Amino acid sequence: MKRAENRAAKAVPLATTTSTATMPEIRDGQSVALLQELHILTRDGKLNQDSRRKLKQVYHLYQFIEPLLKELQAERGEGGPGISLVDHGAGKSYLGFILYDLFFKGLQDDSHIYGIETREELVARSQELAKKFNFPGMSFLPLSVAESTESKLLPEQIDIVTALHACNTATDDAIHFALKKKAKYMVLVPCCQAEVASVLKKNKGKALAKSALTEIWRHPIHTREFGSQITNVLRCLQLEAHGYQVNVTELVGWEHSMKNELIIATYKNLPRNRPTERLREVLETLGLEEMGNRFFTEQVAQASA
């Protein structure tokens with residue numbers, strides 16, 4: 001008898017939404033079915049440790065993005081144009097779907113989220129989910145970040161550009177995309193940065209005689225760590241040289257992820273000369289002049305002339 005009762009209990013479907021009282025990790029009113037389809041929740045509504053970590057990262061990022069969305073809303077007022085957001089390297093689109101579920105689905109306008117991802121099977125799966133949950137304001141495109149910059153499938157201007165754990169130069173491509181699309185906001189979590197470190201390593205022999213500062217990256221492990229650090233420093237200077245105000249913080253506690261740096265850039269049309277000079281000076285000091293194209297030093301110089 002008890003076995004039959006247990007089977008019957010398991011057969012009862014979960015509610016479509018939940019509350020913080022019944023499941024404190026989940027936002028009040030959020031779609032349980034969507035979280036299950038994203039494999040953040042198990043079929044019986046449980047969170048495993050990996051899912052809890054993933055959800056914590058996305059929610060923490062949402063806390064930074066939500067005020068930007070509300071600011072755009074306030075600027076445009078009732079009846080104004082919708083908000084456009086592009087998520088680069090979307091993967092399974094955890095961020096895009098949770099943003100839509102928590103914020104975009106309640107909007108009565110043409111606001112839209114675009115997910116950019118190279119893996120076509122993930123794009124197809126995300127398209128299916130958007131259709132299943134009736135999220136008409138979501139599109140998914142099988143493009144690289146670099147390809148998306150030239151794609152006619154995206155609007156001429158984008159309000160917010162996100163790139164969560166975009167590996168190596170994909171973050172720089174996302175910045176290039178955002179600059180071309182005149183994005184007001186960028187929210188970036190860089191990952192696995194190797195390009196600058198490889199140039200530091202290549203030029204190490206010449207640099208060692210140039211300055212005692214080269215001791216900072218003389219040993220291979222320091223080359224890798226310093227290369228990662230200086231990559232983000234150069235990105236911040238580049239953004240400032242294009243008139244953005246830049247804030248850098250951590251995404252979540254270091255116990256969750258070592259790829260933890262969060263860069264938030266807001267276009268303010270700030271003075272460009274000093275960060276442009278600093279950007280060029282840092283490249284020259286570290287023997288990274290050949291990286292000028294990656295960080296658009298010529299375009300920056302022309303813009304500030």
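Keep in mind that what you see is a predicted model, and the values were worked out from it rather than measured.
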- prompt: Would you call Asp173 and Arg294 a salt bridge, taking side-chain N to carboxylate O under 4.0 Å as the test?
  reply: yes
Between Arg274 and Glu277, is there a side-chain N and carboxylate O pair less than 4.0 Å apart? no
Exercise. Consider only side-chain heavy atoms of I, L, V, M, F, W and Y, link residues closer than 4.5 Å, and tell whether Ile158 and Leu164 are in one cluster.
Key: no
### Task
Please work out whether the ring planes of Phe296 and His242 are parallel, tilted or perpendicular, with thresholds of 30° and 60°.
perpendicular
For the pair Ser84 (side chain) and His112 (backbone), establish whether a donor and an acceptor sit closer than 3.5 Å, ignoring hydrogens and angles.
-> no
Are any side-chain N or O atoms of Arg224 and backbone N or O atoms of Ala197, one a donor and one an acceptor, separated by less than 3.5 Å? no
### Query
Would you say Tyr100's side chain and Gly137's backbone share a donor-acceptor pair under 3.5 angstrom?
yes
Judged by atom type as modelled, is there a donor-acceptor pair below 3.5 Å linking the side chain of Gln36 to the main-chain atoms of Thr42?
yes
- Tell me, yes or no, whether the heavy-atom count around Glu120 atom CD, taken from other residues, nucleotides or ligands under 6.0 Å, exceeds 12. no
Looking only at atom types and distance, does a side-chain atom of Ser51 sit under 3.5 Å from a main-chain N or O of Ile40, one as donor and one as acceptor?
yes
side-chain contact (heavy atoms from CB on, under 4.5 Å) filter on Glu37, not counting sequence neighbours, yields Arg43, Arg125, Leu129, Lys132, Phe133
message = So does Glu225 get a backbone contact from the side chain of Ser228, meaning a donor-acceptor N/O pair under 3.5 Å?
response = no
Presence of salt bridge, Lys92 and Glu117, under 4.0 angstrom: no
_Under 3.5 Å side-chain donor-acceptor pair for Tyr94 and Gln57_ = no
**Asked** If you group Ile, Leu, Val, Met, Phe, Trp and Tyr by side-chain heavy-atom gaps below 4.5 Å, do Leu41 and Leu102 land in one group?
**Response** yes
